[in-house]
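Worksheet: one structure, shown below.
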Amino acid sequence: MSDIKKRLFEWSNIMLIGSGRAKAFEIKRLRQEASTREYFRLNSKDGSHIGVFSPPSTELNEQFIFLSDFFKKAGVTVPEVLFSDTKKGLMLIEDFGDNSYQFSLNQKNHHHLFSAAIDEMICIHQCPTHPNLPSLSETKMASQMHLFEEWFLVGLLGLKVGQVEKQMISNLYQEVLNDLVQQPQVLCHFDFETRNLMVLENGHTGVLDFQDATFGPIFLDPVSLFKDLYFDISDEEINNMLKEYISRSAELNLMEKLDIQDVRKSFDLTGLQRQLRILGTLSRLHLRDGKAFRLPDLIKTLYFVIETSSKYFELKDFAEYLKKKVSPALSLTLKGIL
């Protein structure tokens, strides 16, 4: 048993026994994550809990605990934090099981499950402001997109970005930002993707990994779900789900300030901001943190960027650059790593 696993097991049992709960008799490691957090399941005769080692030097533990309570009071289905020691980075939380959206979605159930997820998404978007909740400023959104150049193009692929290419990429950033800052700003989960959603026995959708929640563009969470890396739906289905989200949001006045001529374009540009960030962060995860298990996701993410950029005249040069230079470089790079 590793030192972390042993410390978490011993601490959890102290907490469980001290609260009158049954002692855990085993602890099992769960899936690897992109963050520095480590997850374990602890089983006892009364059920199970999730043990978390979340290094306080790198993770937002206090924010996670605050948001768990904040979201639960707002009606969002998130796991309760039962016990925590923020100095040691230890937590014991409610167990939502193993049925993640990532592995449960199929062509028969996806509309039902997406509709249930939209319920939680809208519940998050309805949350009021709070001093502990940050906002995704234009500067922050620009900084996130710059990870694409620094860590993906230059760092991972080793490409030289010339002045003409820099200007083209800068124009893309500005096109995206001009739209995103005009959208209604709501509280966003920030990574509302199938990896972070659970199918619960009561029919609700469980929401995980919400510590990065921030006020930002209203289409940030919809594009995270409808253009997910692990489940494909057609363009027509995306439009239908987007219409469903907009209709249900409008009923709750989330869209009362929505003055957007081309909703689908705003949705697409929001997706570009997210996908450029992902290309950068997953490259950084490999180069800086030595975690290569998410590198295959770069292929689908780049495909999304090319697909979206190709739809709009002002972004076609960028799409061609990605097709001719970046995509071949990625294939060659991944062949040498994986």
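These figures come from a predicted structure and were not determined experimentally. This chain uses plain numbering: 1 for the first residue, then up along the sequence. Values reported hereafter were calculated over all heavy atoms of this structure, with side chains retained and with hydrogens, waters and symmetry mates removed.
Within the 4.5 Å cutoff, the side chain of L136 has heavy atoms near those of the P217 side chain. Side-chain contact check for D191 versus H189: some heavy-atom pair is nearer than 4.5 Å. Between H286 and F293 there is no side-chain heavy-atom pair separated by less than 4.5 Å. Here the side chains of Y39 and S54 are not in contact, with every heavy-atom distance at 4.5 Å or above. You'll find the side chain of L200 reaches within 4.5 Å of the side chain of T77, heavy atoms only. Between S266 and V263, the closest side-chain pair of non-hydrogen atoms is not below 4.5 Å. In this structure, R29 and E38 have side chains that are in contact, with non-hydrogen atoms separated by less than 4.5 Å. Between L298 and L156 the shortest side-chain heavy-atom distance falls below 4.5 Å.
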Inset, instruction - Dump the intermediate steps for side-chain contact (heavy atoms from CB on, under 4.5 Å) on F114 and I233, then the final yes or no. - result: CA-CA 11 Å; F114 275 16; I233 60 176; 3.9 Å; yes
Legend entry - Working for side-chain contact (heavy atoms from CB on, under 4.5 Å), residues R274 and S224: CA-CA 8 Å; R274 170 178 167 76; S224 302; 3.4 Å; yes
Inset, instruction - Could you walk me through whether V176 and V181 pass the side-chain contact (heavy atoms from CB on, under 4.5 Å) test, one step at a time? - result: CA-CA 9 Å; V176 169; V181 297; over 6 Å; no
Inset, instruction - Given side-chain contact (heavy atoms from CB on, under 4.5 Å), test N13 with R21 step by step and report yes or no. - result: CA-CA 9 Å; N13 271 326; R21 293 175 168 85; over 6 Å; no
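Under the 30°/60° scheme for interplanar angles, the aromatic rings of F318 and Y321 are found to be tilted. The aromatic rings of F66 and H130 sit tilted relative to each other, their planes meeting at an angle between 30° and 60°.
With T308 contributing its side chain and F304 its backbone, the two residues share a donor-acceptor pair below 3.5 Å. Judged by distance alone, the side chain of N196 and the main-chain N or O of E193 form no donor-acceptor pair under 3.5 Å. Side-chain atoms of S48 never come within 3.5 Å of backbone atoms of S44 as a donor-acceptor pair (strictly under, hydrogens ignored). The closest donor-acceptor contact from the side chain of E237 to the backbone of S234 lies under 3.5 Å. Using a distance-only test at 3.5 Å, with no hydrogens or angles considered, a donor-acceptor pair links the side chain of D85 to the main chain of K87. In terms of modelled atom types and a separation under 3.5 Å, the side chain of E94 and the main chain of E80 share a donor-acceptor contact. Between the side chain of K316 and the backbone N or O of S310 there is at least one donor-acceptor pair closer than 3.5 Å. Side-chain atoms of T214 come within 3.5 Å of backbone atoms of P134 as a donor-acceptor pair (strictly under, hydrogens ignored).
Following chains of ILVMFWY side-chain contacts shorter than 4.5 Å, one can reach L322 starting from L147, so the two form part of one hydrophobic cluster. Linking ILVMFWY residues whenever their side-chain heavy atoms come closer than 4.5 Å, directly or via other members, leaves F103 and F96 in distinct clusters. Hydrophobic clustering (side-chain heavy atoms under 4.5 Å, transitive across Ile, Leu, Val, Met, Phe, Trp, Tyr) groups F148 together with Y312. Linking Ile, Leu, Val, Met, Phe, Trp and Tyr whenever their side-chain heavy atoms come within less than 4.5 Å puts M241 and L197 in one cluster. When the side chains of ILVMFWY residues are joined at heavy-atom separations under 4.5 Å, either directly or via intervening members, Y303 and L153 end up in two distinct hydrophobic clusters.
In the model, N178 has no side-chain atom that pairs as donor or acceptor with a side-chain atom of Q182 under 3.5 Å. Between the side chains of E59 and T36, at least one donor N or O lies within less than 3.5 Å of an accepting N or O.
The CZ atom of R41 sits 10.0 Å away from the CD atom of E26 when rounded to the nearest 0.5 Å. From F40, atom CZ reaches atom CZ of F53 across 9.0 Å, with rounding to the nearest 0.5 Å. Rounding to the nearest 0.5 Å places CG of L338 at 7.5 Å from CD1 of I299. Note that the CD1 atom of I50 and the CD1 atom of I93 stand 6.5 Å from one another [nearest 0.5 Å]. Atom-to-atom distance recorded for H204:NE2 and N202:CG is 5.0 Å, nearest 0.5 angstrom. Distance check, rounded to the nearest 0.5 Å: CE of M198 to CD of E201 gives 11.0 Å.
Counted within 6.0 Å of NZ on K140, heavy atoms from surrounding residues, nucleotides or ligands total more than 12; the atom is thus considered enclosed. Remark: K72 NZ is packed, more than 12 non-hydrogen atoms of other residues, nucleotides or ligands lying under 6.0 Å away. Annotation: K243, atom NZ; neighbour count of heavy atoms from other residues, nucleotides and ligands within 6.0 Å does not exceed 12. More than 12 non-hydrogen atoms from other residues, nucleotides or ligands lie less than 6.0 angstrom from NZ of K311. Within 6.0 Å of the CD atom in E314, the count of heavy atoms belonging to other residues, nucleotides or ligands exceeds 12. F25 CZ: more than 12 foreign heavy atoms inside a 6.0 Å radius.
Counting only residues at least two apart or on different chains, the ring-ring contact (aromatic ring centres under 6.0 Å, His included) pairs with a member in residues 153-176 are H146-Y173. Sorted by first and then second residue, the salt bridge (Lys or Arg N to Asp or Glu O under 4.0 Å) pairs involving residues 221-235 (not counting sequence neighbours) are K227-E307, D232-K300, D235-R264. Residue pairs meeting the salt bridge (Lys or Arg N to Asp or Glu O under 4.0 Å) criterion with at least one member in residues 109-120, sequence neighbours excluded, are D119-R248. Sorted by first and then second residue, the ring-ring contact (aromatic ring centres under 6.0 Å, His included) pairs involving residues 221-242 (not counting sequence neighbours) are H110-F231.
Minimum interatomic distance between A319 and S309 (heavy atoms only, all atoms of both residues): CB-CB, 3.7 Å. Here the closest heavy-atom approach between residue I218 and residue Q183 is recorded as N-OE1, 3.4 Å. Here the closest non-hydrogen pair linking Q211 and Q63 is O-CG, 3.5 Å. Closest of all the heavy-atom pairs between A329 and L159 is CB-CD2, 4.1 Å. Contact record, W151 with L287: O-CD1, 3.7 Å, taken as the closest heavy-atom pair. Residues I27 and L8 approach most closely at CD1-CD2, 4.3 Å, considering heavy atoms.
I124 pairs with exactly one of V76, V186, V78 by the side chain to side chain contact (heavy atoms under 4.5 Å, CB included) rule, that one being V76. Just one residue in the list T333, I278, L279, T301 forms a side chain to side chain contact (heavy atoms under 4.5 Å, CB included) with F152, and that residue is L279.
Figure legend: cation-pi geometry between R195 and Y101 absent, as NZ or CZ is not positioned both under 6.0 Å from the six-membered ring centre and within 45° of its axis.
Evaluation of the ring pair (Phe, Tyr, Trp, His ring centres under 6.0 Å) rule for F71 yields F210 as partners, not counting sequence neighbours. H49 is linked by a side chain to side chain donor-acceptor pair (under 3.5 Å) to nothing, counting only residues two or more places apart in sequence or in another chain.
No close placement of the F215 and H125 rings is indicated, their centers lying 6.0 Å or farther apart.
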